[in-house]
Number of protein chains: 2
Amino acid sequence: MPSSVTVAAAAERLRGVAHRTPVLTSSAIDAIAGARVFFKCENFQRVGAFKFRGAYNAISALSATEQARGVITHSSGNHAQGVALAARLCGVRATIVMPHDAPAVKRRATEGYGARIIACAAKDREIVCEAEIAKDGHVLVHPYDNDHIIAGQGTAAWELFDEIGGGLDALFVPVGGGGLASGTCLAAAERAPACHVVGVEPAGADDARRSLASGRVVTLDEVPATIADGMRTRMIGERNLRILSKHLTEIIVVDDAAILGALRLLFERLKIVAEPSGAASLAGLLAGLHPLPENARVGVIVSGGNIELAALVHMLA
Amino acid sequence: MPSSVTVAAAAERLRGVAHRTPVLTSSAIDAIAGARVFFKCENFQRVGAFKFRGAYNAISALSATEQARGVITHSSGNHAQGVALAARLCGVRATIVMPHDAPAVKRRATEGYGARIIACAAKDREIVCEAEIAKDGHVLVHPYDNDHIIAGQGTAAWELFDEIGGGLDALFVPVGGGGLASGTCLAAAERAPACHVVGVEPAGADDARRSLASGRVVTLDEVPATIADGMRTRMIGERNLRILSKHLTEIIVVDDAAILGALRLLFERLKIVAEPSGAASLAGLLAGLHPLPENARVGVIVSGGNIELAALVHMLA
């Protein structure tokens with residue numbers, strides 16, 4: 001990563017553009033977790049998820065010539081919204097390749113920000129995206145395998161360290177394509193080198209865990225079936241593998257039931273609306289698999305909150 | 001009100017004890033409201049509602065002799081939890097008279113803080129409370145007709161003015177017994193005298209509106225049937241009438257459907273969990289009955305978030 005593409009530089013670029021999201025705590029959840037837990041609430045970020053950070057950082061860093069070509073990406077939802085809004089703010093045209101099964105709320109919001117949407121089968125998203133680039137010359141804003149995206153996503157953890165005064169023993173972060181996890185690792189490496197960064201993946205979507213174990217990017221044959229729709233990626237990126245291999249302490253795998261339990265806790269105790277991917281990090285903490293010291297201070301990144309009430313009801317019924 | 005019992009003094013007393021709750025915004029809700037809206041999120045307060053502020057302010061201000069007698073109050077839920085937690089923090093015994101139909105989540109939480117609960121019919125709560133006082137000599141911490149309670153509740157608006165830099169054209173606040181509304185009026189009178197403080201009451205529970213119209217405390221014959229369980233009070237207090245008569249601009253009455261619509265918006269757009277009483281203030285803004293200038297800056301106090309997921313589902317089904 002070039003030295004000018006740092007989390008600190010991204011934090012500067014996002015100042016006054018991205019929301020500085022609040023850090024919440026709950027003594028009830030502290031009691032359950034046996035630790036002091038600080039929730040960085042990216043469900044309150046613009047577009048309802050951390051994805052706006054990376055998207056704005058990447059698109060605003062493009063040259064005028066690149067911006068004039070328009071941007072394109074593929075995403076099941078939150079990155080789509082992030083790119084759509086960031087592009088609009090930068091005066092750039094955006095095209096989004098979106099799987100048919102993306103949540104309706106995310107699709108509508110993406111359209112609402114003025115992006116053009118191309119729907120396709122979930123497993124074909126990369127191919128369709130490449131075909132469009134060959135045809136129209138748009139600049140790809142990759143959802144995670146992109147230095148500016150990684151640096152932008154890292155600003156959530158960067159702000160968390162600003163906010164809480166003092167280090168953390170561990171920081172739990174969801175791993176989809178690995179953009180947020182990579183950026184979080186870079187932020188922690190600079191701000192709190194002793195902090196363990198712990199990735200969390202849903203069962204059946206543990207491509208990052210397998211990639212780290214084998215030292216190369218492992219691609220899942222099928223799109224994973226987890227309820228955490230933001231984590232249905234089949235592979236992490238090369239940049240992500242490199243960063244996570246160096247900085248991530250370990251990956252915890254949680255099943256859908258654990259994610260739903262965490263979602264309910266966030267609803268009833270923290271009083272926030274999270275989507276399943278956003279609750280995965282808490283599920284990873286509560287799994288109790290990562291050893292923590294006495295009176296540990298732990299960060300949990302709640303990555304997003306884009307869920308319809310009806311969907312939540314259906315999941316928790 | 002004695003001059004030492006001010007909102008400023010309460011803010012000092014609550015520093016480091018109450019949460020300094022975040023102020024959230026949503027461009028989607030701004031577009032719907034046609035104004036810039038700042039939500040003061042007391043659903044994130046300790047015990048899940050603003051009530052902790054007044055309760056702690058009142059109980060910590062008691063003399064050692066008074067504290068030794070223990071405290072008592074009557075409440076359908078949030079004030080109960082506020083008194084129970086504040087009493088525990090101050091090392092004081094607490095007894096709570098609670099209507100049978102209080103939400104289970106609020107009752108369980110109150111017990112969890114170590115308070116003794118006496119259940120009774122909703123309309124008998126004041127009488128049962130008085131009988132207990134006659135018997136055991138506890139000190140009454142009235143839910144709203146109490147100077148320290150009023151000053152404590154006013155600290156939410158006080159912090160809002162700290163936070164947003166600059167004044168507000170209007171500030172919407174729910175009116176139950178009138179403690180929060182009175183404290184909000186006192187805070188606004190000092191911090192932003194030009195700001196219109198607008199009270200919101202559920203249809204059928206408009207005792208404050210009637211009291212202000214007639215210049216005396218009007219008591220409803222029946223406990224109101226609104227879904228806003230925190231606003232099922234039959235009357236406001238004498239102190240509240242005095243303060244609201246002087247400072248409140250007007251009262252807007254909203255029906256349950258409007259409250260549910262606001263609740264859904266808070267869920268889907270602001271990504272927060274509010275209880276119906278907590279959504280009433282937004283419903284009052286969206287009713288559009290209070291005239292606002294162009295590009296108005298508006299505050300909305302979200303008073304609490306104590307609702308079970310199952311109850312929310314039932315309401316919005």
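We use all heavy atoms of the structure for the numbers below, so side chains are in, but hydrogens, waters and symmetry mates are not. In what follows, chains are A, B, ... by sequence order, proteins preceding strands, each numbered from 1.
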> What parts of residues 262-286 of chain A touch chain B if we use heavy atoms and a cut-off under 4.5 Å?
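A/R264, A/F267, A/E268, A/L270, A/K271, A/I272, A/V273 fall under the 4.5 Å cut-off.
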
> Is there a side-chain contact between A/L309 and B/L312 (heavy atoms, below 4.5 Å)?
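Counting from C-beta outward, A/L309 and B/L312 do come under 4.5 Å.
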
> So which bits of residues 22-39 of chain B come within less than 4.5 Å of chain A, counting non-hydrogen atoms only?
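Answer by number: B/P22, B/L24, B/T25.
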
